[in-house]
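Structure, as structure tokens:
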Amino acid sequence: MRYAYPTLAGLLSLAARTGADPTWPAATDEMEEIVYQLRGFKGRLFGDVITSCNNEAAGPGRVTASEWLRVGFHDMATHNRVFGTGGLDASLQFEITNGENTGPGHNTTLKFLANYYSSQSSMADLIAAGVYASVRSCGGPVVPLRLGRKDATSSGSTGVPQPQNSAETFRQQFDRMGFSTEEMIQVTACGHTLGGVHTEEFPEIVPPATGTNGQKPLDTTDATFDNKVVTEYISGTTQNPLVIGPAVAVNRHSDFKVFNIDGNATMNGLTSATTFRDVCKTVLEKMIDTVPSGVTLTDPIVPYAVKPVDMQLTLNSGGSSFLLTGYIRVRTTNRASGAIKNIKMTWKDRNGGCASGSCSYTATVQGAGTGFDDTFEFFPISTNIPTSSGISSFTVTVNLNDGTSESYDNNGNSYPLSDAIILQKPQSCLLQSSGALTVSALVRNDITTTPSLGISYLTPRGVVRNGNPVPILSSTTVAMTKGDCAGPYTFYSASYTIAGGLSYAAKLSVTAGSNSDSFNKASDLSGSCGTFSGTASCTTPGGGGGGGGGGNEPDASSTIASTVASSSAAALSSTSSVVEVISSSDIASSTTTIAPSSTTTTSFTAPTATGPARKPTVAGYTRLRCATEGSGVRALTGASFAYDTMTLESCAANCTAAGNFAYFGVEYARECFCGNSLAASSSEAPDSECNMLCAGDTTEYCGAGNRLELYSKPGTGTSTASAAQPTVTLGRKDTVGDYVFVGCQTEATEGGRALEGKFWADDGMTLEGCAEACSGWEYFGVEYGRECFCGNTLRGGSAPAPLADCSFTCSGTPYEYCGAGNRLELYRLASASSSSKARRSRGEKGWRL
């Protein structure tokens, strides 16, 4: 739940002057989370493929961080300071095959960055963030990051420096970009402290079979941001292939031409490590801030001290109260561990007071996250608020264990949280396989404007022109249809089919006049729409009854029993726009009109899906009911499984194979649980609450959040927890697939991960899933319950740890151990020589993906 943002220009000027947080919500919020909220709880994982710095996620010999840094320069390098054209504007996506941007690194970098592309995170800003992240991951300085760049819609001028150019041509090209001769030398040295030159792009510089994995490094520490590229050049010991070797004979020794243009005066000035870092911070900041004229950048962003995250109102059944959920994120970078006792959130109702008499909520820490330089703690919010009084804003108090407290009021504005329009997620749904989207929203009855649904989404290019890996960012607006009244609110709904297969990346906004619930993630929606039920008299906010007036006037009373299905788009008119200018061959017409629906309803009911039905029997099991989870315990505690192809049949087969269990139940569309008894506190729930379709078969129902589609074998009855207990118990697994258990292992101490070949994180993590993902690698290890790492060597400093240290169970099953914080549940291929010791090296790179 987000609201209309202020413009980017000048947004952070107050923060820059006072050291305060920006005023929330800000247009920079999405990028702030991408850049700083990297790992751990609610981590965005933006820097994972460049952490540690020597990660070669895109292929052997390709230091991924160096490729991110190079993309920043290549995108900026066509800038013309006289005409104000070019600069860091993501035009590189259209220029990959123009002859000046050789090699696969540009494509793979843009493809990764595009995973974060949205209306609130331009590709140009993501490229700049990639420069910041790559430098910081490799131990370099913190390059200040401004935002507000605009993406180009076509290729720019040519002019990226090429190795065969003369020294004078280089000087002229950098002058055109706005860089002095000294700055040209500096930015070249700073950019060439990482990575190397590849045979694939420059065979005349690195002839075949002369490098390692097709690459020769630019200095001896090609995965560390330091000044070795300078000191080795000055001392005459450099092996930089752009200074010595075959490049000289073919006049492609470009680094020498640049470095030597002033008789090495600038390079001599960079031999101090401290000076090098300071200079690189300055010139790399200039590089990413070089933008086309007319683009105004913000002040450098910094992480909030206190930030509301994922705050969401949801109307509870019956319509008399909201559930407010979300997190308060507190930056703990400069705090002692465990310094915070709790946080207190205090809100005002929609009239600025506290009519309910209780308007505060206290929370203790639930999880912690990290960035390159920062740490955060997250405090969960979950409280009910009467709809009669509502909410308009809140403040936060951070209570410390030393008895002191700190108050945060959003720079004197309080944190706004409007209840005028609410995207109702339980009654909204997205079938990612087809892109069929249905959105339900609540509009307060004093709002007279009919709402509309805005959808921002990505579409792969039908024909990948010029190797462009970046999808098209488009938007559409869909009219919403009025439904039932629920107390002081009225339901509205709209449906749309998001084409292209990237529907999960869509962002949703519901707007009526100046009121908006914006930038909601479509990926948060389940595969089937839930039912809202209850009886509520229509009221105006704070009033006793009657209509809301204007276009939102409800009936005097309404009994709500509405089911929203998820099969297809509603027949509604929509207007679409494409954010970038594209040719007609890239995407169909930007305006679509869908014929009106022939279905007439008198209650809040969207189109009905065809096919989903309750199955009375499945593979020898008989359906019992929709069942709740136990109170504080699982209803079924035998074995568990989770995967994205879940069906009733596959769960039944899992539970039969795992121990011929008497019961099985499927929950949340993709989670399977088995057992020989039910927890005594599990109870029957209405079938309407088991409303999620199976992830692997949308004709079947697979429970919902904390709701099981429950089956039992004939004659089992309803056995409680006093019956025979399951045979599956928590324990170590000696073998997993082709791997054997090594033990509990610490993370590395030498600046990186113990295993650096491949990384994967999933909330359904199991040992088996990690083993499958790491197939072909010598080692796999699972950490923190949900993080899988692969590799062929163990990095220096990683050492055996007591088994008790690996105490986290896997997020996908409670019957397996999956490491802990900085502890790996480590496995090794059984076929690996039992006499060989784990190789531990900083720089062996040929085996990484």
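Each residue takes its place number in the sequence, starting with 1.
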Practice problem: Might you point out which heavy atoms bring T210 and K216 nearest each other, and give the distance in Å? | Solution: O-CE, 3.1 Å
Exercise. Begin from the C-alpha positions of C788 and C774 and carry the test disulfide bond (SG atoms under 2.5 Å apart) through to its verdict.
Key: CA-CA 8 Å; C788 172; C774 294; 3.7 Å; no
Practice problem: Assess whether side-chain hydrogen bond (donor to acceptor under 3.5 Å, both in side chains) is satisfied between S798 and E747, documenting all intermediate values. | Solution: CA-CA 5 Å; S798 177; E747 273 293 358; over 6 Å; no
Practice problem: Look at the aromatic rings of H74 and H106 and report parallel, tilted or perpendicular, splitting at 30° and 60°. | Solution: tilted
Practice problem: Give the intermediate values and the outcome of side-chain hydrogen bond (donor to acceptor under 3.5 Å, both in side chains) for residues T224 and D226. | Solution: CA-CA 6 Å; T224 302; D226 59 20; 4.9 Å; no
Quiz item: Among T238, T220, N240, N227, which residue meets the side chain to side chain donor-acceptor pair (under 3.5 Å) test with E232?
Solution: T220
Quiz item: In terms of the angle between their ring planes, are H253 and F256 parallel, tilted or perpendicular, with boundaries placed at 30° and 60°?
Solution: parallel
Quiz item: Quick one: does NZ or CZ of K257 land under 6.0 Å from the six-membered ring centre of F170, within 45 degrees of the ring axis?
Solution: no
Quiz item: Are T290 and R81 linked by a side-chain donor-acceptor pair shorter than 3.5 Å?
Solution: no
Quiz item: Atom CE of M267 and atom CD1 of I261: how far apart are they, to the nearest 0.5 Å?
Solution: 13.0 Å
Self-check item: Test item: F372 and T51 side chains (from C-beta on) under 4.5 Å apart, heavy atoms
Solution: yes
Quiz prompt | Nearest heavy-atom neighbours spanning L145 and A129 | solution = CD1-N, 3.9 Å
Quiz item: Does any N or O in the side chain of T282 come within less than 3.5 Å of the main-chain N or O of D278, such that one atom is a donor and the other an acceptor?
Solution: yes
Quiz item: Heavy-atom count around E772 CD within 6.0 Å, excluding the residue itself: above 12?
Solution: no
Quiz item: In terms of side-chain geometry, is the basic nitrogen of R828 or E778 positioned less than 4.0 Å from the acidic oxygen of its partner?
Solution: yes
Practice problem: Assess whether side-chain contact (heavy atoms from CB on, under 4.5 Å) is satisfied between L473 and Y117, documenting all intermediate values. | Solution: CA-CA 8 Å; L473 178 62; Y117 183 28; 3.5 Å; yes
Practice problem: Assess the pair Y739 and F780: is the distance between their ring centroids shorter than 6.0 Å? | Solution: yes
Quiz prompt | R146/D289 salt bridge by N-O under 4.0 Å criterion | solution = yes
Quiz item: Just by distance, with hydrogens left out, do S137 and S134 show a side-chain donor and acceptor under 3.5 Å apart?
Solution: no
Self-check item: E100 side chain vs V160 backbone, donor-acceptor pair below 3.5 Å
Solution: yes
Quiz item: Any side-chain heavy-atom pair from P217 and Q239 closer than 4.5 angstrom?
Solution: no
Practice problem: Check whether any side-chain heavy atom of L38 sits under 4.5 Å from a side-chain heavy atom of L45, and report yes or no. | Solution: no
Practice problem: Would you check if E756 and R795 make a side-chain contact, meaning some heavy-atom pair closer than 4.5 Å? | Solution: yes
Quiz item: Is the closest side-chain donor-acceptor distance between Q173 and T169 under 3.5 Å?
Solution: no
Exercise. Output the distance between atom CD1 (I96) and atom OG (S155), rounded to the nearest 0.5 Å.
Key: 11.5 Å
Exercise. Would you give the length of the straight line joining atom OG1 of T153 to atom CD of Q93, rounded to the nearest 0.5 angstrom?
Key: 9.5 Å
Self-check item: Heavy-atom closest contact (V283 atom, C190 atom, distance)
Solution: CG2-SG, 4.0 Å
Exercise. Please examine the side chains of L502 and P471, heavy atoms only from C-beta on, and report whether any two atoms are closer than 4.5 Å.
Key: yes
Self-check item: Distance in Å, E204 CD paired with Q164 CD, rounded so as to fall on 0.5 Å steps
Solution: 8.0 Å
Quiz item: Given the rule in the side-chain contact (heavy atoms from CB on, under 4.5 Å) test, do M31 and L126 qualify, once you have shown the distances and angles that lead to the verdict?
Solution: CA-CA 8 Å; M31 283 296 300; L126 290 166; 3.8 Å; yes
Quiz item: So with a 6.0 Å cut-off around NZ of K286, is the heavy-atom count from everything else above 12?
Solution: yes
Quiz item: Could you go step by step and tell me if I472 and L458 meet the side-chain contact (heavy atoms from CB on, under 4.5 Å) rule?
Solution: CA-CA 5 Å; I472 299 164; L458 299 174; over 6 Å; no
Quiz item: Are the charged groups of E200 and R62 less than 4.0 angstrom apart, N to O?
Solution: no
Quiz item: Which heavy atom of A77 sits nearest a heavy atom of P161, and at what distance?
Solution: CB-CD, 4.1 Å
Practice problem: Examine distances only and state if a side-chain atom of R176 and a backbone atom of H79 form a donor-acceptor pair shorter than 3.5 Å. | Solution: yes
Self-check item: N115, CG atom: more than 12 neighbouring heavy atoms under 6.0 Å
Solution: yes
Quiz item: Tell me, do P241 and L218 make a side-chain contact under 4.5 Å, heavy atoms counted?
Solution: yes
Quiz prompt | Distance flag, aromatic centroids of W777 and F759, threshold under 6.0 Å | solution = no
Quiz prompt | Aromatic ring pairing W68/F46, orientation class (parallel under 30°, perpendicular over 60°, tilted between) | solution = tilted
Quiz prompt | Minimum heavy-atom distance between P469 and L110, given as atom pair plus value | solution = CG-CB, 3.8 Å
Quiz item: Is K150 paired with D89 through a side-chain N to carboxylate O contact shorter than 4.0 Å?
Solution: no
Quiz item: Roughly how far, to the nearest 0.5 Å, is the CG atom of D48 from the CZ atom of F789?
Solution: 7.0 Å
Quiz item: Counting N and O atoms only, with roles assigned by atom type, does the side chain of R136 sit under 3.5 Å from a partner on the main chain of G140, one being a donor and the other an acceptor?
Solution: yes
Quiz item: Given N54 and S52, is the side-chain hydrogen bond (donor to acceptor under 3.5 Å, both in side chains) satisfied, shown in steps?
Solution: CA-CA 6 Å; N54 64 355; S52 63; 2.7 Å; yes
Self-check item: R70 bridged to E67 by N-O distance under 4.0 Å
Solution: no
Quiz item: Any luck finding a side-chain donor-acceptor pair between T64 and N55 under 3.5 Å?
Solution: no
Practice problem: If the plane angle is over 60° it's perpendicular, under 30° parallel, otherwise tilted; pick one for F276 and F225. | Solution: tilted
Quiz item: Does the side chain of T237 pick up a donor-acceptor pair with the side chain of S235 at under 3.5 Å?
Solution: yes
Quiz item: Can a donor-acceptor pair be found between the side chains of N264 and Y233 at a distance below 3.5 Å?
Solution: yes
Quiz prompt | Chi angles and distances behind the salt bridge (charged side-chain N to carboxylate O under 4.0 Å, His left out) call for D222, K228 | solution = CA-CA 9 Å; D222 64 324; K228 288 291 181 66; over 6 Å; no
Exercise. For L88 and A124, work out which heavy atoms get closest and say how close.
Key: CD2-O, 3.1 Å
Quiz item: Taking C-beta and beyond as the side chain, do L297 and L147 meet within less than 4.5 Å on heavy atoms?
Solution: no
Quiz item: Does any N or O in the side chain of T199 come within less than 3.5 Å of the main-chain N or O of V206, such that one atom is a donor and the other an acceptor?
Solution: yes
Quiz prompt | Derivation and outcome, salt bridge (charged side-chain N to carboxylate O under 4.0 Å, His left out), residues R753 and E783 | solution = CA-CA 11 Å; R753 288 285 184 183; E783 181 172 321; 3.0 Å; yes
Exercise. Give, for atom OH of Y827 and atom SG of C790, the distance between the pair rounded to the nearest 0.5 Å.
Key: 14.5 Å
Quiz item: Any side-chain heavy atom of L794 within less than 4.5 Å of one from L826?
Solution: yes
